Amino acid sequence: MDHALKGAPARCPCTGYSRSDFIVSAGGPVYLETNTLPGLTAASLYPKALKAQGIGFADFLHDQIALARRRTLR
């Protein structure tokens, strides 16, 4: 599963943040879609995933702003 998860962003060169969805079938993981702008409300999965990884929401937002600034300086 880790291999499938890591391969999805490489096939869909997203910058910033995104969420790739999979299901696990008898034959292994099946890629469903990549959401390039997943929700960030308290009920959304992305903030919950950040919290599970020990990443504060404010830190995540600061990192996204820094990434956008770096992109504009290219």
Side-chain angles (χ1 to χ4, degrees):
M1 183 71 161
D2 284 344
H3 177 71
L5 292 172
K6 291 176 183 170
R11 289 184 203 97
C12 178
C14 303
T15 57
Y17 72 102
S18 64
R19 187 192 73 235
S20 294
D21 296 334
F22 294 80
I23 58 170
V24 179
S25 71
V30 177
Y31 170 78
L32 297 176
E33 67 177 350
T34 296
N35 185 334
T36 58
L37 195 57
L40 293 177
T41 67
S44 300
L45 294 176
Y46 214 89
K48 293 173 184 176
L50 291 169
K51 185 176 181 179
Q53 293 294 313
I55 301 169
F57 192 67
D59 291 332
F60 166 75
L61 294 178
H62 287 290
D63 289 346
Q64 292 304 303
I65 292 167
L67 179 62
R69 285 183 175 158
R70 285 193 303 270
R71 279 197 313 250
T72 62
L73 296 176
R74 289 187 205 169

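If you're wondering where the values come from, they're calculated on a predicted model, not measured in any experiment.
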- In short, S18 meets T36 closest at the heavy-atom pair CB-CA, 4.1 Å

- Are any of the side-chain heavy atoms of L37 and Y17 separated by less than 4.5 Å? yes

Show every donor-acceptor pair shorter than 3.5 Å between a side-chain atom in residues 61-73 and any protein atom, with sequence neighbours excluded, or say none if there are none.
from, atom 1, to, atom 2, distance (Å)
R71, NH1, T15, OG1, 3.2
T72, OG1, R69, O, 2.7

- Message: Suppose the criterion is salt bridge (Lys or Arg N to Asp or Glu O under 4.0 Å): which pairs have a residue in residues 19-37, not counting sequence neighbours?
- Response: R19-D21

Between side-chain atoms of residues 42-60 and protein atoms elsewhere (two or more places apart, or another chain), which donor-acceptor pairs fall under 3.5 Å?
from, atom 1, to, atom 2, distance (Å)
S44, OG, T41, N, 3.1
S44, OG, T41, OG1, 2.8

